[in-house]
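What you see is a predicted model; the values in this text were computed from it and never measured. Computation of the quantities below employed the complete heavy-atom set of this structure, encompassing side-chain atoms and omitting hydrogens, waters and symmetry-equivalent molecules. We name chains A, B, ... by the order of the sequence lines, and we start the count at 1 in each one.
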Protein chains: 2
Amino acid sequence: MTDINFSRGPADPDSQAAAGTSPGPRAGEMRWDIIELLFFAYRDFVGDADHELEAFGFGRAHHRVMHFVYRYPGLKVADLLDVLRITKQSLGRVLKQLLDEGYIIQKTGNNDRRQRLLYATPKGEALVAKLAGLQTDRITSALRDINPEGVAVISQFLRAMIDRDDPDKVLEAIFGTGSKKPRE
Amino acid sequence: MTDINFSRGPADPDSQAAAGTSPGPRAGEMRWDIIELLFFAYRDFVGDADHELEAFGFGRAHHRVMHFVYRYPGLKVADLLDVLRITKQSLGRVLKQLLDEGYIIQKTGNNDRRQRLLYATPKGEALVAKLAGLQTDRITSALRDINPEGVAVISQFLRAMIDRDDPDKVLEAIFGTGSKKPRE
DNA sequence: AAATTTATGTCAGTCATGTTGACATATCTT
DNA sequence: AAGATATGTCAACATGACTGACATAAATTT
């Protein structure tokens with residue numbers, strides 16, 4: 001049930017460009033390695049949380065909302081929309097569930113009473129911590145044999161992979177004030 | 001490094017555990033930094049392809065199928081199911097479109113005539129190359145100031161993030177062996 | 001040869017999460 | 001008073017997952 005047809009063909013990063021059959025641009029220069037490692041690494045990384053979320057009847061969308069509300073308390077709905085890059089209708093559905101089930105609470109803004117500032121409840125904090133614990137376990141395990149300089153390089157790489165043309169508030173916090181276009 | 005909380009609260013990795021209000025386990029040990037960097041990096045990484053795919057009327061699912069069929073020619077349907085970890089009904093819908101529109105062709109297996117081996121057509125190759133080009137541009141840009149040792153560390157990290165309990169055929173190819181080492 | 005298993009395909013229905021567009025309400029700004 | 005802004009909501013729809021059932025052809029086992 002296992003024929004080994006995997007090692008041949010253009011799986012090797014260089015064989016494709018040399019084949020001459022493909023009009024594709026610079027196929028030999030592609031970072032197939034990083035592209036595929038990112039796919040699998042992210043798949044398994046989020047898989048940790050996905051599995052746990054089933055027990056709560058939640059999905060990935062709930063996790064993202066809970067995560068950022070916990071991490072950046074007092075986040076406004078508009079901020080969350082910027083971070084998640086979804087429509088307010090999509091967010092509204094998920095947010096309503098989290099509010100109804102007591103994972104998040106809203107507080108009216110002090111300066112601007114139109115705003116609904118979002119905070120995680122203890123129940124919400126516990127869920128975020130549980131999920132972050134699973135993902136942290138995977139990360140610390142992956143970093144086990146990597147020294148602090150190596151971790152800095154990994155961090156540098158991941159940061160450089162992120163668009164900074166139009167940073168949202170969370171990204172501004174992550175990058176410090178070094179972002180291109182401060183808003184407000 | 002980057003501790004600008006734009007709001008107050010436990011955005012700082014340590015303040016939460018010290019607060020004592022949360023029964024959550026070891027909140028201060030969480031790798032919030034890597035967790036969030038992975039989220040944003042992957043979001044923008046796949047965003048490159050997503051945007052381009054709209055012009056073709058395709059989605060992320062089509063991209064994943066095209067990618068792996070191109071990279072591992074002669075992939076069986078069952079292999080693709082292992083890699084993508086979706087059901088055959090979900091795959092079938094996407095695959096049918098790609099076959100109908102001439103991005104992929106099937107060939108009956110030589111040894112086992114039940115198998116349908118999948119290959120990218122030139123049209124399919126062109127699409128994969130275009131999308132991989134966009135993602136490669138982002139990657140090479142992110143790696144610009146990182147030396148070969150640093151790239152090796154990044155690769156090591158990403159590999160260590162991947163589950164190896166039950167590797168599919170593509171992962172076996174990537175990792176070079178069929179060794180089933182538990183991630184630790 | 002017959003029975004069973006395997007590889008693939010397909011029909012039908014459901015769910016989660018995204019989308020657009022329109023509109024309502026409260027509140028802030030001008 | 002008028003307009004802009006922040007949020008919420010209704011309705012309709014698209015994509016890409018899912019489960020379950022069933023069909024067909026080909027390989028394997030009995």
Side-chain angles (χ1 to χ4, degrees), chain A residues 1-3 5 43 46-47 49-51 53-67 69 74-101 104-119 168-169 183-184, chain B residues 43 46-47 49-51 53-67 69 74-100 104-118 168-169:
Chain A
M1 75 188 200
T2 300
D3 20 2
N5 50 11
R43 180 189 70 174
V46 297
D50 285 348
H51 186 257
L53 283 161
E54 286 182 22
F56 292 82
F58 288 152
R60 213 173 278 184
H62 302 83
H63 183 197
R64 293 194 285 249
V65 171
M66 282 301 312
H67 174 94
V69 167
L75 210 58
K76 292 183 301 184
V77 170
D79 296 329
L80 212 37
L81 290 175
D82 284 344
V83 173
L84 302 179
R85 292 193 186 165
I86 58 178
T87 57
K88 65 176 172 179
Q89 293 86 340
S90 291
L91 175 58
R93 201 176 6 198
V94 172
L95 195 52
K96 192 170 191 303
Q97 286 180 267
L98 293 169
L99 288 165
D100 289 348
E101 300 189 33
I104 282 179
I105 55 168
Q106 287 178 325
K107 295 182 184 176
T108 300
N110 293 325
N111 307 328
D112 187 336
R113 286 163 43 83
R114 291 172 303 181
Q115 297 174 350
R116 304 300 151 82
L117 309 186
L118 303 171
Y119 297 87
D168 52 61
K169 288 195 165 187
R183 304 173 143 193
E184 299 184 350
Chain B
R43 181 189 69 174
V46 297
D50 284 349
H51 186 258
L53 283 161
E54 286 182 22
F56 292 82
F58 288 153
R60 212 174 278 183
H62 301 85
H63 183 197
R64 292 195 284 250
V65 171
M66 282 301 313
H67 175 94
V69 167
L75 210 59
K76 293 183 302 185
V77 170
D79 296 328
L80 212 37
L81 291 175
D82 285 344
V83 174
L84 302 179
R85 293 193 185 165
I86 58 177
T87 57
K88 65 176 172 180
Q89 293 87 338
S90 292
L91 175 59
R93 195 180 335 120
V94 172
L95 195 53
K96 193 170 190 304
Q97 285 180 268
L98 293 170
L99 288 164
D100 289 348
I104 283 178
I105 55 168
Q106 287 178 326
K107 294 181 183 175
T108 300
N110 292 325
N111 306 330
D112 187 334
R113 287 164 41 85
R114 291 172 305 181
Q115 297 174 349
R116 304 300 152 81
L117 308 185
L118 303 171
D168 52 61
K169 289 192 165 189

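Rounded to whole angstrom, the span from the CG atom of N110(B) across to the C1' atom of dA27(D) amounts to 15 Å. Here the C1' atom of nucleotide dC11(C) and the CG atom of L91(B) are 17 Å apart, to the nearest Å. Atoms CZ (R113(B)) and C1' (dT8(C)) sit 14 Å apart, rounded to a whole Å. One atom, CD of Q89(B), and another, P of dA7(C), lie 16 Å apart when rounded to the nearest Å. Distance CZ (F58(B)) to P (dA14(D)): 18 Å, rounded to an integer number of Å. L117(A) has its CG atom 11 Å from the P atom of dG8(D), to the nearest Å. Going from atom NZ of K96(B) over to atom P of dT15(D) covers 15 Å, rounded to whole Å. Between the CG atom of D50(A) and the C1' atom of dG16(D) there is a distance of 14 Å, rounded to whole Å.
With hydrogens and angles ignored, a donor-acceptor pair closer than 3.5 Å exists between the side chain of R114(A) and the base of dT5(D). In terms of polar N and O atoms assigned as donor or acceptor, the side chain of R93(B) comes within less than 3.5 Å of the base of dA17(D) in a complementary pairing. A donor-acceptor contact under 3.5 Å is formed by the side chain of K88(A) with the base of dG8(D).
Taking NE2 of H62(A) as the reference point, atom CG of L95(A) lies at 9.5 Å (rounded to 0.5 Å). Distance CZ/F56(B) to CE/M66(B): 10.0 Å, rounded to 0.5 Å.
Nearer the 5' end of DNA chain C, as judged by each residue's closest nucleotide, is the contact made by L99(B), out of L99(B) and D112(A).
As judged by a 4.0 angstrom heavy-atom cut-off over every strand, G59(A) is placed among residues touching the sugar-phosphate backbone only. At a threshold of 4.0 angstrom between heavy atoms, the contacts of Q106(A) are confined to the sugar-phosphate backbone, with no base atom among them.
Between dA16(C) and H62(A), no contact under 4.0 Å exists linking OP1 or OP2 to a side-chain N or O. Note on S90(A): a side-chain N or O is less than 4.0 Å away from OP1 or OP2 of dT19(C). The side chain of T87(B) contributes an N or O atom lying less than 4.0 Å from OP1 or OP2 of dC18(D). A sub-4.0 Å separation between OP1 or OP2 of dA17(D) and a side-chain N or O of R64(B) is present.
Using modelled atom types, no side-chain atom of R64(B) and backbone atom of V83(B) make a donor-acceptor pair closer than 3.5 Å.
Of all heavy-atom pairs between D82(A) and R43(B), the closest is O-NH1, 4.2 Å.
Residues D79(B) and D168(B) form no side-chain contact, since every pair of their non-hydrogen atoms from C-beta on lies 4.5 Å or further apart.
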